[in-house]
Student: 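Questions regarding the structure given below will be posed in turn.
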Amino acid sequence: IMIISTGGHVLVMFIIFVPEKIINHKTESVMKFTKRLTDAFNEQIKAEMWSANLYSSMAIYFQSMGLAGCAHWMKKQAEEELEHANKLIEFGVTRGGEMKISPIDAVPGTWAEPKAVFEHVYKHECHVSELIDNLMDVAIAENDKATQEFLRWFVNEQVEEEENAQAILDKFNVFGVHGLYCVDHDLAKR
Ligand code: MG
């Protein structure tokens, strides 16, 4: 405590010394991403962006066939994948990870028939579910509770993604030769 007297006024100053240990503790409370978790997140960001490109490619395929409903569904799907990538980037940056955008491999551009595209969607989403599970395993191995909590949203999202793709395939099977028309009409509503 400093007491300074200046022409009738008394100025009292409090000087507080904060031990360095406490300051350090505070900055470390937002735990930094480990190298392993950073790498795993960057891989998943790449996978989500690849998925976005895959669905954009499928949208082109359907658009060129005049199947506007299917193309619309694919464009929405592509947007969602980019949102997934951005969610991962935001979280990684917040946690102090060195996030980066990697080169994205080429995606397929042709399929045997419309139904084969949705079979591909289903297979791909099952694969993404596996990737998310593996990412969760890394968060568990690194004992990072906040990341485990964050990834739970993705785990649940994948249940929905698989279900959506399966539901479209079911329509192809149920409606037989008219399946494609019904699916295209339905998917326009997304
Ligand atoms: Mg995704």
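Note that the structure is predicted; figures quoted are calculated from it, not measured. Counting starts at 1 for both ligands and their atoms, following the listed order.
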Student: Looking at the Mg ion (ligand 1), is one of the N, O or S atoms of Glu81 less than 2.8 Å from it?
Tutor: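 Here the distance criterion (N, O or S atom, under 2.8 Å) is met by Glu81, so yes.
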Student: Suppose we call two aromatic rings close when their centres sit under 6.0 Å apart. Are Phe91 and Phe154 close by that rule?
Tutor: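 Distance test on ring centres: not under 6.0 Å, no.
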Student: Specify whether an N/O/S atom of Glu48 falls short of 2.8 Å from the Mg ion (ligand 1).
Tutor: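 Yes, within the cut-off.
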Student: With salt bridge (charged side-chain N to carboxylate O under 4.0 Å, His left out) as the rule and sequence neighbours excluded, what pairs involving residues 111-138 come up?
Tutor: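 For residues 111-138, and leaving out neighbouring residues, there are no salt bridge (charged side-chain N to carboxylate O under 4.0 Å, His left out) pairs at all.
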Student: Suppose we only allow N, O or S atoms; which atom of His84 ends up nearest to the Mg ion (ligand 1)?
Tutor: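 Nearest N/O/S atom of His84: ND1.
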Student: Which residues pass the side chain to side chain contact (heavy atoms under 4.5 Å, CB included) test with Arg152, sequence neighbours left out?
Tutor: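 Result, side chain to side chain contact (heavy atoms under 4.5 Å, CB included) vs Arg152: Met136, Gln148, Glu149.
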Student: So if you build clusters from Ile, Leu, Val, Met, Phe, Trp, Tyr with side-chain heavy-atom gaps below 4.5 Å, do Leu131 and Phe150 land together?
Tutor: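 Cluster IDs for Leu131 and Phe150 differ.
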